[in-house]
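Reading through the structure tokens given below for one structure.
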Number of protein chains: 2
Amino acid sequence: MSTAEPPMRADAQRNRAAILEAATSALTADPRASMVDIARQAGVGRVTLYGHFPSRTELVDAVFAHNMRRAEAHLGAVDLTGDPRTALERLVSSSWREIADSHGVLEAAEQELGGDRVRAHHDDTLHRVRALLARGQAAGAFRDDVSADWLTSCAFAVLHLAAAEIRAGRLTEPQAPGVVSTTVLAIVDRPGR
Amino acid sequence: MSTAEPPMRADAQRNRAAILEAATSALTADPRASMVDIARQAGVGRVTLYGHFPSRTELVDAVFAHNMRRAEAHLGAVDLTGDPRTALERLVSSSWREIADSHGVLEAAEQELGGDRVRAHHDDTLHRVRALLARGQAAGAFRDDVSADWLTSCAFAVLHLAAAEIRAGRLTEPQAPGVVSTTVLAIVDRPGR
DNA sequence: ACTAACCCGAACATCGCTGTACGAGTTAGG
DNA sequence: CCTAACTCGTACAGCGATGTTCGGGTTAGT
């Protein structure tokens with residue numbers, strides 16, 4: 001069943017990587033960046049671009065998947081055991097920046113692939129956070145009068161909000177981590193006492 | 001300096017209103033709705049549409065402004081005096097639905113007009129909420145280790161998040177108000193005790 | 001009843017983007 | 001060194017959107 005593909009030539013691999021990289025940066029700057037923009041920024045002909053990715057949709061999909069794998073690898077290294085509160089704090093402080101930067105690619109993916117496909121790629125990362133929050137609920141550290149799913153969504157929303165505020169100049173880079181983790185903890189913390 | 005415009009004819013006024021209405025609903029359904037879509041939905045010729053609004057940008061601007069005035073009128077009727085917590089609860093419960101519905105128009109406006117212009121239209125509503133939160137901070141009811149601006153942004157973000165979750169089918173209409181107000185209060189509440 | 005304001009469909013001119021086709025040049029790798 | 005893989009620019013076809021123009025038909029208001 002293996003599709004028996006002959007290995008890509010070295011320059012082709014390099015170009016493919018350059019495209020992925022350039023697309024990431026172009027879409028980050030402007031989620032509606034066109035194929036022309038991306039090709040130019042990758043230092044590659046438009047035709048070559050289409051040679052690697054037959055349509056814009058497939059390009060965006062590949063870029064998004066690529067970035068999610070990278071984030072996944074980074075996030076996977078964070079220790080989530082022990083006290084749920086401090087674990088959550090570790091997670092937030094070591095990932096907020098990366099998630100914030102991914103905003104442009106995420107938006108492009110939502111436009112081009114639709115929310116469901118995005119959700120599918122997001123799944124692993126989402127589950128990791130959700131599991132931590134659910135564990136905190138079970139341990140009595142986090143509030144359980146709302147669902148773990150809702151808490152998860154809120155946490156991500158706060159991260160993205162912080163990113164937007166920084167882009168708009170209403171929040172500075174240095175103060176962001178503090179504000180974000182304060183807010184996230186406020187959301188998940190059990191109220192009584 | 002008055003531009004001395006002769007009053008519009010009655011049918012022109014009706015059409016203008018119909019366009020504003022149709023555009024609101026079209027953009028709510030799909031923020032990228034085209035002029036053709038909007039004209040059709042308004043039961044009006046494309047040319048007539050351009051007669052009233054010379055460009056898509058001006059249309060979106062007018063629609064957005066129109067909706068903000070409507071929301072403003074509604075929001076302005078809410079009593080924000082007394083205990084800040086219950087005042088905030090009143091505000092949230094009487095406005096969350098309206099704000100949630102405005103999502104499509106808001107997104108269209110952001111695409112077409114840019115964040116700054118959007119901000120300008122938003123200003124009054126934003127300030128009303130911000131004033132309440134600042135008052136709560138001064139009274140010692142709300143946390144003041146983060147800025148009132150940040151709290152304001154968070155509150156709106158939670159409302160929009162809830163709307164998105166409903167659209168995605170991960171939250172039901174009936175449970176939304178409770179979850180939203182719980183979360184907003186959790187964010188603004190003073191932590192100590 | 002008359003006139004100016006308004007509406008309408010159809011056609012036209014651009015623009016930007018996507019995707020494909022061709023032909024010739026360059027490079028990796030055995 | 002030789003071939004297959006890869007790249008490049010250019011050109012073309014198609015789509016969908018935005019605005020504009022024109023000429024004839026309706027309708028409001030005095």
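Just so we're on the same page: letters track the sequence lines, and every chain starts at 1.
With sequence neighbours excluded, the residues that form a salt bridge (Lys or Arg N to Asp or Glu O under 4.0 Å) with D101(B) are R97(B). The side-chain hydrogen bond (donor to acceptor under 3.5 Å, both in side chains) test applied to S25(A) returns Q41(A), not counting sequence neighbours. Qualifying ring pair (Phe, Tyr, Trp, His ring centres under 6.0 Å) partners for H121(A), counting only residues two or more places apart in sequence or in other chains: F64(A). For H160(B), the ring pair (Phe, Tyr, Trp, His ring centres under 6.0 Å) criterion is met by no residue, not counting sequence neighbours.
Within a 6.0 Å radius of CG in D116(B), other residues, nucleotides and ligands contribute 12 heavy atoms or fewer.
The backbone N or O of V146(A) lies less than 3.5 Å from a partner atom in the side chain of Q137(A), making a donor-acceptor pair.
D37(A) and S34(A) form a side-chain donor-acceptor contact under 3.5 Å, judged by distance and modelled atom types alone.
The side-chain heavy atoms of V129(A) and F156(A), taken from C-beta on, include a pair separated by under 4.5 Å. By the 4.5 Å heavy-atom criterion applied to side chains, D144(B) and R190(B) are counted as neighbours.
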request  = Apply the test side chain to side chain contact (heavy atoms under 4.5 Å, CB included) to residues M35(A) and L49(A): give CA-CA distance (whole Å), side-chain angles for both, the deciding distance (0.1 Å), then the verdict.
outcome  = CA-CA 8 Å; M35(A) 296 296 258; L49(A) 177 49; 4.2 Å; yes
Could you write out each protein N or O paired with an N or O of nucleotides 1-3 of chain D at a distance under 3.5 Å?
none

Under 3.5 Å, N/O pairs linking protein and nucleotides 23-25 of chain C:
none

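Comparing the end axes of the helix from dA1(C)-dT30(D) to dG30(C)-dC1(D), each fitted to five base pairs by superposing C1' atoms of four pairs onto the next four, gives an inter-axis angle of 30° (nearest 10 degrees).
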query = Quick one: what's the B/S/- string for nucleotides 4-9 of chain D, heavy-atom cutoff under 4.0 Å, read 5' to 3'?
reply = BBSSBB
Under 3.5 Å, sequence neighbours excluded: what are the donor-acceptor pairs made by side chains of residues 69-77 of chain B?
from	atom 1	to	atom 2	distance (Å)
E72(B)	OE1	T125(B)	OG1	2.6
E72(B)	OE2	R128(B)	NH1	3.0
H74(B)	ND1	E98(B)	OE1	2.4

Please tabulate, one pair per line, all N/O donor-acceptor pairs under 3.5 Å involving side-chain atoms of residues 12-24 of chain A, not counting sequence neighbours.
from	atom 1	to	atom 2	distance (Å)
T24(A)	OG1	L20(A)	O	2.9
T24(A)	OG1	N67(A)	OD1	3.3

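When hydrophobic clusters are built by joining Ile, Leu, Val, Met, Phe, Trp and Tyr residues whose side-chain heavy atoms come closer than 4.5 Å, directly or via intermediates, I99(B) is not grouped with V63(B).
Straight-line distance from the OH atom of Y50(B) to the C1' atom of dC8(C): 16 Å, rounded to whole Å. The CD-C1' distance, from Q111(A) to dT18(C), rounds to 17 Å in whole Å. Taking atom CZ on R14(A) and atom P on dT26(C), their separation rounds to 17 Å, with Å as the unit.
The salt bridge (charged side-chain N to carboxylate O under 4.0 Å, His left out) pairs that include a residue from residues 174-189 of chain A are R85(A)-D189(A), where partners are two or more places apart or lie in different chains.
Non-hydrogen atoms lying under 4.0 Å from DNA chain C are contributed by S34(A), M35(A), all within residues 17-35 of chain A.
One finds the CG atom of D61(B) at 5.0 Å from the CG atom of L113(B) (value rounded to the nearest 0.5 Å).
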